[in-house]
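Note that the structure is a prediction, hence the values are computed from the model and not measured.
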Amino acid sequence: SVIQIPADLHPDCVPIAWLLGRWEGAGVGDYPTVEAFRFGQEVVFSYVPGKAFLAYTSRSWILDDDGNLVRPAAGEAGYWRPQPGGEVEVLLTHPTGFVEIYLGRVEPAKVELATRGVLKTETAKDYRAGHRLYGLVDGRLMYVYEMAAMGHELQPHLSAELQRVAGADQARS
């Protein structure tokens, strides 16, 4: 599906305009410190006219084997800041007590990010690094997320497949 780029989108944001909109779907998670799980997720990428960033929010819910909502899970919010030369800076804040700064590369319909820094509160769990890969595949937003936490090295944690349910024309902040 061709993405209609909003006329008032900052030119620097055009390479990541394919992310704009509201996405919903499901994924799976696993890590040595938790039981494998299924989750539902809503992700929103929006923009402020003329500003050189996309705003980002994500919220998720644990699902049972039949796809029914069990309880709220993770949330995160932040900003995606495209830079010259195909790079992007991403700042994410989590209610569990940490903030991440990612640096990544933008390609057509693909973004790969790695943490450049993590700050956490005194009460936050051990979390040291993350790696994310997002791609647009047959009109679906797919991603994988690896993390280093709780004494473990960087390894797979989450993957999901999301469908766009609202487009760029509704993504203005």
Shared hydrophobic cluster for Y56 and I5 (ILVMFWY, side-chain gaps under 4.5 Å) | yes
How many angstroms lie between atom OG1 of T115 and atom CG of L154, to the nearest 0.5 angstrom?
-> 7.5 Å
Between R140 and E161, is the closest basic N to carboxylate O distance under 4.0 Å?
-> yes
Determine all donor-acceptor pairs shorter than 3.5 Å in which one atom belongs to a side chain in residues 78-92; sequence neighbours excluded.
{"residue": "R81", "atom": "NH1", "partner": "E89", "partner atom": "OE1", "Å": "2.4"}
{"residue": "Q83", "atom": "NE2", "partner": "R81", "partner atom": "O", "Å": "3.1"}

Over 60° means perpendicular and under 30° means parallel, so classify the ring planes of F37 and F39, tilted if in between.
-> tilted
I62 with M147, same ILVMFWY side-chain cluster at under 4.5 Å | yes
Is the Y145 to H131 ring centre distance short of 6.0 Å?
-> no
Please report the shortest heavy-atom distance between E35 and D30, naming the atom on each side.
-> C-OD1, 4.3 Å
Do the side chains of E107 and E112 get nearer than 4.5 Å, heavy atoms only?
-> no
Please name the pair of heavy atoms, one in W61 and one in L69, separated by the smallest distance, quoted to 0.1 Å.
-> CD1-CD1, 3.3 Å
Would you check if there is a donor-acceptor pair between the side chains of Y143 and R132 at a distance under 3.5 Å?
-> no
Short side-chain donor-acceptor distance under 3.5 Å, Q41 and S58 = yes
Dump the intermediate steps for side chain to side chain contact (heavy atoms under 4.5 Å, CB included) on L54 and L9, then the final yes or no.
-> CA-CA 9 Å; L54 298 186; L9 183 69; 4.2 Å; yes
When rounded to the nearest 0.5 angstrom, what distance separates NE2 in H152 from CG in D126?
-> 9.5 Å
Which heavy-atom pair separates R38 from D65 by the least distance, and what is that distance?
-> NH1-O, 3.8 Å
Just how far is it from atom NZ of K110 to atom CE of M142, taken to the nearest 0.5 Å?
-> 14.5 Å
K51, NZ: over 12 other non-hydrogen atoms inside 6.0 angstrom = no
Tightest non-hydrogen contact, residues A77 and T57, listed as CB-CG2, 4.1 Å
Same cluster for Y47 and L136 if Ile/Leu/Val/Met/Phe/Trp/Tyr side chains link at under 4.5 Å?
-> yes
Would you list the atom pairs, donor with acceptor, under 3.5 Å between side chains in residues 10-22 and any protein atom, with sequence neighbours excluded?
{"residue": "H10", "atom": "ND1", "partner": "D12", "partner atom": "N", "Å": "3.0"}
{"residue": "W18", "atom": "NE1", "partner": "P15", "partner atom": "O", "Å": "3.2"}
{"residue": "R22", "atom": "NH1", "partner": "E24", "partner atom": "OE2", "Å": "2.5"}

Side chain to side chain contact (heavy atoms under 4.5 Å, CB included) between V43 and L162, worked out = CA-CA 8 Å; V43 169; L162 310 175; 3.7 Å; yes
Hey, what's the ring geometry for Y134 with F45, parallel, tilted or perpendicular (30° and 60° as the breaks)?
-> perpendicular
Please confirm whether the backbone N or O of N68 pairs with a side-chain atom of D66, one donor and one acceptor, at under 3.5 Å?
-> no
When hydrophobic residues are tied together by side-chain contacts of less than 4.5 Å, even through go-betweens, does V70 share a cluster with V34?
-> yes
Mind running side chain to side chain contact (heavy atoms under 4.5 Å, CB included) on H94 and E100 for me, showing each step along the way?
-> CA-CA 8 Å; H94 302 260; E100 301 170 279; 2.5 Å; yes
Can any side-chain N or O of S60 pair as donor or acceptor with the backbone N or O of A74 at less than 3.5 Å?
-> yes
So if you build clusters from Ile, Leu, Val, Met, Phe, Trp, Tyr with side-chain heavy-atom gaps below 4.5 Å, do L158 and Y31 land together?
-> yes
Grab the two heavy atoms, one from P95 and one from G75, that are nearest each other, plus how far apart they are.
-> CD-O, 3.2 Å
Can you tell if the side chain of V118 reaches within under 4.5 Å of the side chain of Y127, non-hydrogen atoms only?
-> yes
Could you go through the side chain to side chain contact (heavy atoms under 4.5 Å, CB included) check for E42 and R59 one step at a time?
-> CA-CA 6 Å; E42 176 193 65; R59 55 189 187 144; 2.9 Å; yes
